2 protein chains.
Amino acid sequence: MNKGEQKRQDIIAHALTLASQVGLEGLSLGALATSMDISKSGLFAHFKSKEALQIAVLELACERFAAEVIAPALAQPRGERRLNTLFDNYIGWVRDQSNQGSCIFMSLAHEFDDRPGEIRDLLVKSWRDWGGTIARVAATAITEGEFRPDCDPAQFAFEMIGIAMVFENAHKLLGEVQAEARARMAFKRLIRSYRLSEPRSQTASH
Amino acid sequence: MNKGEQKRQDIIAHALTLASQVGLEGLSLGALATSMDISKSGLFAHFKSKEALQIAVLELACERFAAEVIAPALAQPRGERRLNTLFDNYIGWVRDQSNQGSCIFMSLAHEFDDRPGEIRDLLVKSWRDWGGTIARVAATAITEGEFRPDCDPAQFAFEMIGIAMVFENAHKLLGEVQAEARARMAFKRLIRSYRLSEPRSQTASH
DNA sequence: AGAAAAATAGCACGATCGGTCGTATTTTCA
DNA sequence: TGAAAATACGACCGATCGTGCTATTTTTCT
């Protein structure tokens with residue numbers, strides 16, 4: 001690999017860390033260069049514009065998400081097992097990202113929902129892909145005979161994402177220690193209501 | 001009322017509109033002044049610092065939220081009726097805010113989850129209050145004999161907020177027309193699983 | 001009406017922003 | 001090894017940021 005290309009990847013990785021904390025707009029080229037002990041212009045030379053760097057950062061985040069959250073889940077057997085793993089990995093991703101900043105996809109959702117452009121388009125696409133992935137996995141739980149045949153996988157995806165969102169808020173902003181337990185309880189309830197049979201012994205209590 | 005105080009309230013209201021679009025940090029005093037056809041220093045003279053303005057903006061948002069979302073719900077009879085109204089008003093709030101920017105509380109949650117200070121403290125307090133309010137109303141559904149006596153109102157609040165969060169994302173960022181229907185379906189499912197009896201005829205289908 | 005007080009505008013400050021340019025250094029490869 | 005190409009640097013640009021200071025206009029009160 002070129003030395004330049006290596007450095008470029010290095011910059012993008014650092015930028016992703018920084019962007020998780022201050023967003024993609026708040027990401028400052030000067031601050032990024034200083035934190036890497038290189039000059040601002042030396043850093044800038046690797047990208048034709050700030051937006052190009054921002055896009056590269058978002059693409060890297062997508063790659064990591066696919067590798068850390070989606071891929072391991074697809075290795076699980078179809079149906080509820082795979083769905084559980086997908087949720088576990090998602091919660092784990094959000095929790096881990098919270099140590100340095102927050103889940104970049106959730107941050108950017110609010111940063112760019114009013115800002116048209118290539119970044120927003122890319123972000124929308126990645127969110128749609130993610131929802132589609134969840135729905136597709138949920139659909140395998142139907143074909144495996146675990147979920148009701150007439151249930152809506154897209155609705156399942158919608159609700160699962162909601163759990164992850166409120167989990168991040170409770171965990172990161174509010175600092176609630178029970179946040180993860182609450183998220184898992186919510187997911188358990190979600191799964192149960194999509195099953196073919198609902199045992200009466202289980203309740204929504206804590 | 002003083003003319004100065006009147007102008008101050010005017011500025012705060014305009015700032016709230018602007019902050020809903022660009023966040024509280026992205027709120028620029030110069031841009032705000034220009035949009036109100038006054039000078040930047042004339043505007044600034046009403047506040048000892050930008051942070052003071054930001055805090056005033058957040059407090060105004062809290063007042064409006066209490067008046068538009070919470071108060072009308074408390075006028076409803078205790079129990080599920082009140083809970084339904086609370087949810088309806090919340091979804092309505094998020095939807096309406098989305099026309100100009102987005103729900104400021106959700107935006108700020110990501111903007112300030114890593115930024116200590118008075119604004120963050122105020123934001124955390126308002127989120128805790130909101131969760132507490134939902135839980136308190138959910139608790140009335142227990143005493144009214146509609147919800148299971150052993151269910152957890154705080155868990156209910158957690159999940160209801162999650163639905164509102166994913167609704168905003170689906171509605172504003174992704175532009176999904178079914179977003180509101182999805183949110184209502186999710187809430188229906190949430191309510192049902194907290195009830196004393198669960199009629200077998202209802203399903204999670206679309 | 002006139003004086004005291006409040007409100008507003010004009011201006012300038014240091015800092016930081018994304019971005020450009022000319023030049024020096026390093027890497028690459030024949 | 002030597003020349004071309006890639007990479008990094010410091011200086012600098014125009015714009016914008018929050019924030020003081022001062023003068024002027026407008027409101028308020030006796």
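Note that the coordinates shown come from a computational prediction; the quantities given were computed from them, not determined experimentally. Every chain is numbered from 1 and lettered A, B, ... according to where its sequence line falls, protein lines coming before strand lines.
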Side chain of [X] - closest among [options]:
{"X": "B/S39", "options": "D/dG20, C/dG19, C/dG10", "value": "C/dG10"}
{"X": "A/N2", "options": "D/dT7, C/dG19, D/dT27", "value": "D/dT7"}
{"X": "B/K50", "options": "C/dG19, D/dG18, C/dT8", "value": "D/dG18"}
{"X": "A/S28", "options": "C/dC17, C/dG19, D/dA8", "value": "C/dC17"}

ask   = Should B/S41 be listed as having a side-chain N or O under 4.0 Å from OP1 or OP2 of C/dG10?
value =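 Negative; the distance criterion is not met.
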message = With a 4.0 Å limit, can you tell me whether B/H46 has a side-chain N or O closer than that to the phosphate oxygens OP1/OP2 of C/dA6?
response =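 Checking C/dA6 against B/H46, no side-chain N or O comes under 4.0 Å of OP1 or OP2.
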Using a 4.0 Å heavy-atom cut-off, does [X] contact any base of the nucleic acid, only the sugar-phosphate backbone, or nothing at all?
{"X": "A/I38", "result": "sugar-phosphate"}
{"X": "B/L27", "result": "sugar-phosphate"}
{"X": "B/A45", "result": "base"}

message = For D/dG10, does the base pair up with any side-chain atom of A/K40 as donor and acceptor (N or O, under 3.5 Å, distance only)?
response =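 There is none.
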task = Rounded to the nearest angstrom, tell me the gap between atom CZ in A/F44 and atom P in D/dC13.
result =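 About 18 Å, once rounded to whole Å.
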query = Are A/F105 and A/W130 near enough that their ring centres are under 6.0 Å apart?
reply =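 No.
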key: Any side-chain heavy-atom pair of B/F156 and B/C151 under 4.5 Å   =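 No, every pair of side-chain atoms sits at 4.5 Å or beyond.
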ask   = Between A/L24 and A/Q54, which heavy-atom pair has the shortest distance, and what is it?
value =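 Closest approach of A/L24 to A/Q54: O-NE2, 2.7 Å.
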query = Just checking, any donor-acceptor pair under 3.5 angstrom between side chains of A/H110 and B/E111?
reply =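 Their side chains do not contain a donor-acceptor pair, so the 3.5 Å distance test is not met.
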